[in-house]
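A quick note: this is a predicted structure, and the numbers were derived from the prediction, not measured. FYI, side chains are in, hydrogens and waters are out, and symmetry mates aren't considered; it's all heavy atoms of this structure.
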Amino acid sequence: MKRYSLKSDLCFTGSAFFTLMILSTLARLLLFFWNKDVAATSATVDLTMGFLVGMRFDLIISCAAIIPMALAIVMPSGLYHRKVWKAWLTLVSAMMLLTALVEPIFYDEFHNRLNSIAIQYLNEDPATVLSMLINGTPFFTLLFVWITCIAMVFAALQWFDRQFRTMDDSGFKAWLPRLPAFLALILLLCVGVRGGTLRSGAPLRWGDAVHSQDTFANQLALNGMYTFIKAVEGLGDKKSANLVWLEAMDNHNALDITRQMVLEPEDKLLDPTQLALYRETTPKQRTLPENVKNVVIILMESFSSRYTASEGSTLNITPYFDALTKEGVLFNRAFSNGTHTHQGMFATFSCFPNTPGNEYLMQSPEGDTHFSGYAPIFNDLGYKNNVYVYNGAFNWDNQQGFFGNQGINRFIGRDQMDEPHHVDPTWGVSDEDMFDKSLEELDRLASKDEPFFAMLQSLSNHMPYSLPEKLYIEPVTDQGSKNERLTVMRYSDWALGQFFESAKKTSWYNDTLFVLLGDHGFSVDDILTPIDMLRHQIPVLMIAPGLQEAVGETVSTVMSQVDVVPTAASLFGKPYAQHCWGRDILSVDKNDHGFAIFKPSGSSPVVAMVKGDKVLVKQPDIEPELFNYRLGTNPTATRIESPETEAMLFEELSAYLQTALRSLNNRSVGAKQGMEQL
């Protein structure tokens, strides 16, 4: 049987290994240069360590790809069938190159390496994802670069093949040296697959990338193929994602702590043995005038606090929103529970937090239950009329199925928009079309002379950032890579302003409480903590006659999206039953500075809790980290050592997540009893 010499096979294998390692390093360099604005604040020593630690994660991928070749060395023909191995190596390289080209764009958007967000998008609708990439990225340029690089790798493999083709004696004696060579190679590859670590127990883990206090340098150390494969491995495995939180402490202890965090003195538990937080809330008084009876919640796509005047921005991105803050109450320390519209929707409208392993709750079996949120609360208060208006299609994220189950009975999406000004090639109609249609729908509801509630959701401020040809705003031109996004944000703000100008002329405007908030923010260059805190910072604004006079212009109590509905519902002064995982922020004790618990979307394992001026961040495999933070024009976060505060916040974070996860798994998040007692 023909075969090449052992030396030729080992040299070809080694050349292939170093090619894969070089590709991984080049991918990291591309990520670094693409996000150079973020990297500019990182210390050189941290970035250098990011590359060095990153080589260990690269080892995992490169060694795993070489293992099949190592196994073939002890086969009778060795690596003689080079066409097979060149095809295998080209395939692996193509995947690595694709990751390398996609990940810088992904990181710029999410400040995370490739994870389950990518899988979720592809699973939802591959055609939409492809349209978003074609229309929102230099798709064809990247495609050309990808194909060219694959060809270059294949040419390199061809050259290695020609260099290492010395034939071997086909006899058994000539084969024997392959056995110890195989054992030595397998040993080295096994060490490499463990990330080069010889420690007992677990191999290199996600937490080993955390080598400094610089978040970008830590993310740089990871490998995109590694994080993506881990995300694929974790698909459907919610148990491992939340097991650490489900077993954090005694269940009764967790329940007691959670109730202390959420319940107000006036709250009365309605089923304390079966339902964790289901209670009757009796507001202390009616804050709104008697004529105010309607509620309209507007969830703005990617509406980041960082570019509003309330946070010190001078870029004039949101002049209409900034003007509206003078008419209402601005909650200026509010945070989104996630970083994806999906989490923003169920946290805001269903009053349930974003928990590990359940980031896409509206599509999962656990989400097929009754929550106690916006629709159930106002339906119970006697509201018979409602509407949900959205630019896009309601099958995305299972919105119609989920919210229909919660009590919304009228859905108006892109297919119901008549003669729109602009249709996004990927998602749907423009924000001005959505708001125009909303005015029609709200007029229709008001004509029934009965109280109504509505959900309005914008969409334009989303890749591929498609805008109408005729713009009534000035494009942003001085913010570098963020010009396009900020231009669309300015457009969305303009559309919001036009909606309010028209609404103020209607008969129902002064009878309505408006609640404006972002579904999440977006990535900015200031990454203050290991969790991208500023990406979660959103404005929450409530507008109604007499509200500002009763409450004041601003509220600085920390809150998150799960607090929005109970705060809004309490303004009407009527007792109501709820199972919200937030509370009425306006009724908390003056010494209570509020809290918010959140995590990024996708399989990112980081969670955080903000309480007052402290933020606790928990990353896997390492101890919790405590920071003092400050928002505003020049936001900062400083690592502090305070063992008592750190322990207290971590206990509260653990208790809250444990109780929420148990309730979700037990289908006891609404007014109905679960399958077992608490």
Side-chain angles (χ1 to χ4, degrees), residues 16-62 65 89-115 117-118 121 129 132-134 136-157 206 209 211-212 214-231 463 480-482 484-485 522-525 527 532 602 604:
F17 168 78
F18 284 111
T19 298
L20 299 180
M21 288 293 291
I22 290 170
L23 288 177
S24 298
T25 300
L26 291 175
R28 189 167 288 106
L29 281 168
L30 179 61
L31 179 68
F32 170 77
F33 284 111
W34 194 290
N35 293 275
K36 59 182 181 298
D37 291 340
V38 178
T41 59
S42 302
T44 301
V45 64
D46 292 335
L47 294 173
T48 302
M49 282 300 298
F51 276 90
L52 293 175
V53 174
M55 292 179 67
R56 298 180 63 193
F57 285 92
D58 299 343
L59 270 176
I60 297 174
I61 300 301
S62 299
L89 292 168
T90 302
L91 176 62
V92 172
S93 299
M95 294 171 63
M96 294 174 70
L97 288 165
L98 181 61
T99 301
L101 293 173
V102 169
E103 198 169 35
I105 301 171
F106 185 89
Y107 186 86
D108 185 55
E109 178 70 18
F110 296 105
H111 277 182
N112 266 295
R113 304 301 290 265
L114 274 180
N115 58 31
I117 299 175
Y121 267 98
V129 174
M132 182 170 58
L133 292 173
I134 291 174
T137 67
F139 177 80
F140 292 104
T141 299
L142 293 174
L143 182 62
F144 174 77
V145 171
W146 182 51
I147 294 173
T148 301
C149 289
I150 292 173
M152 292 173 65
V153 170
F154 183 76
L157 293 173
W206 189 93
H211 61 275
S212 72
D214 187 280
T215 302
F216 178 73
N218 294 338
Q219 287 285 322
L220 193 66
L222 289 165
N223 177 291
M225 283 281 289
Y226 171 86
T227 56
F228 187 74
I229 291 170
K230 287 294 182 182
M463 186 188 291
S481 61
K482 290 186 170 57
E484 189 176 24
R485 169 150 236 167
F522 54 88
S523 298
V524 296
D525 294 342
I527 307 177
D532 195 352
S604 176

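Between the CG atom of L143 and the CG atom of L101 there is a distance of 9.5 Å, given to the nearest 0.5 Å. Taken from OG in S523 to OH in Y107, the straight-line distance is 8.0 Å, to the nearest 0.5 Å. In this structure, CG in L97 is found 12.0 Å from CG in L142, a value given to the nearest 0.5 Å. Note that the SG atom of C149 and the CG atom of L98 stand 11.5 Å from one another [nearest 0.5 Å]. Considering CE of M95 and CG of L23, their distance stands at 13.0 Å, rounded to 0.5 Å. Taking CG of L30 as the reference point, atom OG1 of T99 lies at 11.5 Å (rounded to 0.5 Å).
Between N223 and I60 there is no side-chain heavy-atom pair separated by less than 4.5 Å. The shortest distance between side-chain heavy atoms of F144 and F139 does not fall below 4.5 Å. Counting only heavy atoms from C-beta outward, the side chains of F57 and T227 never approach each other to under 4.5 Å. Using a 4.5 Å cut-off on side-chain heavy atoms (C-beta onward), T25 and D58 make contact. Using a 4.5 Å cut-off on side-chain heavy atoms (C-beta onward), M96 and S24 make contact. With contacts defined as side-chain heavy-atom distances shorter than 4.5 Å, the pair I105/M463 qualifies. For the pair K482/D37, no side-chain contact is recorded, criterion being any heavy-atom separation below 4.5 Å from C-beta on. Between I150 and S93 the shortest side-chain heavy-atom distance does not fall below 4.5 Å.
At least one donor-acceptor pair closer than 3.5 Å links the side chain of N218 to the backbone N or O of H211. Side chain of D46 to main chain of S42: no donor-acceptor pair is present (N/O by atom type, distance under 3.5 Å, no hydrogens or angles). Distance alone, capped at 3.5 Å, places no donor-acceptor pair between the T137 side chain and the I134 backbone. Of the possible polar contacts, one joining the E103 side chain to the L114 backbone as a donor-acceptor pair under 3.5 Å is found. Judged by distance alone, the side chain of R28 and the main-chain N or O of A100 form no donor-acceptor pair under 3.5 Å.
Remark: R113 is not positioned above the aromatic ring of F228, lacking an NZ or CZ atom under 6.0 angstrom from the ring centre and at most 45 degrees off the axis.
For M21, the CE atom sits in a packed shell: over 12 heavy atoms of surrounding residues, nucleotides or ligands are nearer than 6.0 Å.
Note on ring orientation: taking the six-membered ring where Trp is involved, the planes of F32 and F216 are tilted (angle from 30° to 60°).
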